[in-house]
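Per chain, numbering begins at 1; letters A, B, ... match sequence-line order. Below, all heavy atoms of this structure are taken into account, side chains as well, without hydrogens, waters or symmetry copies.
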Number of protein chains: 2
Amino acid sequence: MRKAATIRDVAREAGVSVAVVSRVLNDGTGPVAQQTRARVVDVIERLDYRPRAAARELQQRSATAVGLVLADLANPFFARLADRVVGEARARGIHVVLLTTLEDSHLEAESIETLIGRSVGSVIATPTGGNVDRWARLVELGVNVVFVDREIDELPEVDVVAIHNDLSAEVATRHLLDLGHERIAFISGPLSTSTGRDRVAGFKRAMGNAGKVADDRLIHAIPFRGDAGGDAVSALLALPNRPTGLIVGNTAQVRSALRRVKQMAVDVPGELSLVVFDDNPWTELVSPPLTVVRQPIDMLAMHSVDLAVGRLRGSLPEPPRRIRVEAEFVQRSSSAPRSS
Amino acid sequence: MRKAATIRDVAREAGVSVAVVSRVLNDGTGPVAQQTRARVVDVIERLDYRPRAAARELQQRSATAVGLVLADLANPFFARLADRVVGEARARGIHVVLLTTLEDSHLEAESIETLIGRSVGSVIATPTGGNVDRWARLVELGVNVVFVDREIDELPEVDVVAIHNDLSAEVATRHLLDLGHERIAFISGPLSTSTGRDRVAGFKRAMGNAGKVADDRLIHAIPFRGDAGGDAVSALLALPNRPTGLIVGNTAQVRSALRRVKQMAVDVPGELSLVVFDDNPWTELVSPPLTVVRQPIDMLAMHSVDLAVGRLRGSLPEPPRRIRVEAEFVQRSSSAPRSS
DNA sequence: AGCGGCGGTGGTAACGGTTACACTTTTGTA
DNA sequence: TACAAAAGTGTAACCGTTACCACCGCCGCT
């Protein structure tokens, strides 16, 4: 356990001052003679010197790290988002501090707090919907916040990257309508999230446009996590007038809903056509393969990191941006024409 | 964008010295009068003061962060491991810096490098198998390394948390043998990983104990990522003497293998009995539900964090520990007696 | 009365970088 | 040749926190 070399060790060994070493390290901050640079680089190599991030961050607010606050890594959607974000960040020489909220605003609050102490320059987050004041404070402290997948209306000054949730829900709904379904149910996320609200709005609009009124008993706004999907399905199928089409809002909900559907031996798509949000490796492995709304995770990640890092480096125009990317509708076999 | 309060602001406002504030902050480092403490706490609250992690880390190697170097977040096993690690770490007041290697030793090397600059006190990692010298250097620099899920034999000084991979493979194999299968194939990870090696060893042992010799053409050591599983399946099923049992080593491999099996319209378990490593939410949703070896992710995460944080706080005995947790064998419908 | 110990407090040198500024040398131009 | 500008380098002051040490009373002992 020898202690690591410092910039002063390098300076001494190379016979120059620390200032020169620093300039070599951060290329472009000042002139350094070609020959001197070579010598310094050599010593750095030899001593295996690595500048300490902590010291650097202390000095200026440069910050080589971004915070990533996700709802739930057990959800493949967020996991793959994290995967892509970490990859994109690495490509830009940025580290990622990961935190999860489990959709709990208290844990979210805690995460924001720690992120303040930690001097991250930017935060990419999927907000739970609460903690408006805390997010605002983070912004006021000079941290660049980028919301991904969801947003908070009361915070217009933060960047947002997401799909058109209302449109996507509308497309999914119209798909079922076009197949002849009349009674269509929707299992969505909590209305405290923009995702939940927007999708329900899109659903209602599509139904309205088709001259149908969306029966409120057919709309279930349930938590994104947990197994509430099962009970929602049971409730829906217990209705006197069963829906023949069902749209489900996220992977965890799909899992529990699908399990219940199988338990109840309901025929898909014979008795019930299914369209679900978020594509996964396994959506095409189950029987029947699921018709899905696929979010372009790569795009979400890329734009988020672009914004987060861009603002960090100050290379972006001032006004906050709201980037919308296109979701893709992938038809498989879980949705079919209504078998009268 | 007001700038955050510093310890000096608090000291001034409370009419005490910075030393006192520091003592209040880090309880137990020295005496503080009850009344003074109350006043300081009050000011901290009022000024909304948060100590800056960077300054702290610079001062001493306290380090409130651990690095988490995972192979691939797109793999649900690692994603859920990350989820649990982040949760456990938070409970201990520790942040997680996340990096991924994509099973590429170059990216792993890069990750180790960044982790050196970043002053993390511990690193939890799933090593690719290479970079032995770099890991050694990290250890020598005083960073506590904990390998999880896999290990590197040449590095006996690091902690390890994993299942008994050889035993698990043996159990899986014996299960198929007991069902009457004679020709059993094994799709495993690269032999450069301990996981790959150990499982193959367990497989061979089980076969040997049953008086059968493991045909090398029935063993495919393929990458953990990507779609090589499909081709492996094709190769196996093209053999003159088809295997009737197959064990698959990780989720990505299962996905590609299963897709090919379905494409080829092979009946599971009629023609081919399947046992796979790692349980996922969807393993019981596919048809037929898969017989799996379930790794206790919670235990892996908990012990990893325990070790990482314990060493950080110096509250652990010196000698490196190798913790083995029990994998669980879950029988479902993808494995059945050989229907000769 | 003298003295050691201790509770409570303040002063200040690190920690390892960056950077403003001063200084010296080289280069360019009339 | 003279002199300004630019290139190259060094010095030292930060950044925010902790830890060591000195200091001051006050208590309880011998």
Side-chain angles (χ1 to χ4, degrees), chain A residues 2-41 43-44 47-65 116-121 141-142, chain B residues 2-41 43-44 47-65 114 116-121 141-142 313:
Chain A
R2 68 168 191 270
K3 57 217 159 297
T6 75
I7 196 172
R8 270 170 254 271
D9 298 329
V10 176
R12 184 169 0 90
E13 196 74 10
V16 297
S17 74
V18 292
V20 175
V21 180
S22 177
R23 275 182 224 121
V24 171
L25 249 37
N26 323 20
D27 219 1
T29 35
V32 178
Q34 210 36 251
Q35 190 188 349
T36 316
R37 154 169 282 118
R39 202 166 65 244
V40 170
V41 166
V43 173
I44 288 179
L47 261 48
D48 203 14
Y49 164 75
R50 275 312 114 194
R52 257 181 83 183
R56 215 170 236 189
E57 282 174 17
L58 178 56
Q59 164 63 18
Q60 358 107 244
R61 6 286 277 159
S62 75
T64 57
I116 291 177
R118 205 95 221 142
S119 35
V120 295
L141 245 37
Chain B
R2 67 169 192 267
K3 58 215 157 297
T6 77
I7 197 172
R8 263 173 265 269
D9 298 329
V10 176
R12 188 174 351 97
E13 196 75 10
V16 297
S17 75
V18 292
V20 174
V21 180
S22 177
R23 273 182 226 124
V24 171
L25 248 36
N26 322 23
D27 219 1
T29 38
V32 178
Q34 209 36 252
Q35 190 189 349
T36 316
R37 154 169 282 118
R39 202 166 64 245
V40 171
V41 167
V43 173
I44 288 179
L47 261 49
D48 203 13
Y49 162 76
R50 274 312 117 193
R52 253 181 86 183
R56 264 191 174 162
E57 285 173 15
L58 177 58
Q59 161 63 19
Q60 358 103 257
R61 7 287 276 161
S62 73
T64 56
T114 64
I116 291 177
R118 204 97 223 140
S119 38
V120 294
L141 246 34
R313 308 214 201 283

First locate atom CZ of R52(A), then atom CG of L58(A), and finally report the distance between them rounded to the nearest 0.5 Å. 10.5 Å

Whole angstrom is fine here: how far is it from CZ in R12(A) over to C1' in dG17(C)? 15 Å

Lys/Arg-Asp/Glu bridge criterion (N-O < 4.0 Å) met for E57(B), R118(A): yes

Interatomic spacing from CG in L47(A) to CD1 in I7(A) - rounded to 0.5 Å: 12.0 Å

Let's see if you can work this out: which of dT9(D), dG10(C), dC15(C) has an atom nearest to the side-chain heavy atoms of V20(B)? dG10(C)

Closest heavy-atom contact between P51(A) and R56(A)? CG-NH2, 3.6 Å

Any side-chain N or O of T6(A) less than 4.0 Å from the OP1 or OP2 oxygen of dC15(C)? no

Contact list (N/O, under 3.5 angstrom) for nucleotides 24-26 of chain C vs protein:
none

Tabulate atom names and distances for all N/O pairs under 3.5 angstrom spanning the protein and nucleotides 18-21 of chain D.
from: dT18(D); atom 1: OP1; to: N26(B); atom 2: OD1; distance (Å): 3.1
from: dT18(D); atom 1: OP1; to: N26(B); atom 2: ND2; distance (Å): 3.0
from: dT18(D); atom 1: OP1; to: R56(B); atom 2: NE; distance (Å): 2.8
from: dT18(D); atom 1: OP1; to: R56(B); atom 2: NH2; distance (Å): 3.1
from: dT18(D); atom 1: OP2; to: S22(B); atom 2: OG; distance (Å): 2.9
from: dT18(D); atom 1: O2; to: Q59(B); atom 2: NE2; distance (Å): 3.0
from: dA19(D); atom 1: OP1; to: Q60(B); atom 2: NE2; distance (Å): 3.3

Quick one: E57(B) CD to dG16(D) C1', roughly how many Å, whole number? 12 Å

For the pair made of CG in L58(B) and P in dC15(D), what is the distance, rounded to whole Å? 14 Å

Separation of D48(B) CG from L141(A) CG (nearest 0.5 Å): 8.0 Å

Looking at side-chain heavy atoms only, is the closest gap between L25(A) and Y49(A) below 4.5 Å? yes

Between CG of D9(A) and P of dG16(C) the distance, given in whole Å, is 9 Å

Quick one: is S17(B) getting a side-chain N or O under 4.0 Å of the dG10(C) phosphate, OP1 or OP2? yes

Candidate nucleotides dG10(D), dG8(D), dC15(D), ranked by approach to the side chain of A33(A) - the nearest: dG8(D)

Just distance, no hydrogens or angles: give the donor-acceptor pairs under 3.5 Å from side chains in residues 10-24 of chain A, sequence neighbours left out.
from: R12(A); atom 1: NH2; to: D9(A); atom 2: OD1; distance (Å): 2.9
from: E13(A); atom 1: OE2; to: R46(A); atom 2: NH2; distance (Å): 2.9
from: S17(A); atom 1: OG; to: A19(A); atom 2: N; distance (Å): 3.4

Between CD of Q35(A) and P of dT9(D) the distance, given in whole Å, is 9 Å

Could you tell me the separation between the CD1 atom of I44(A) and the P atom of dG16(C), rounded to a whole number of Å? 16 Å

How long is the gap from CZ on R39(A) to CD1 on I44(A), to the nearest 0.5 Å? 12.0 Å

Starting at the 5' end of DNA chain D, which residue's closest nucleotide do you reach first, R50(B) or Q34(A)? Q34(A)

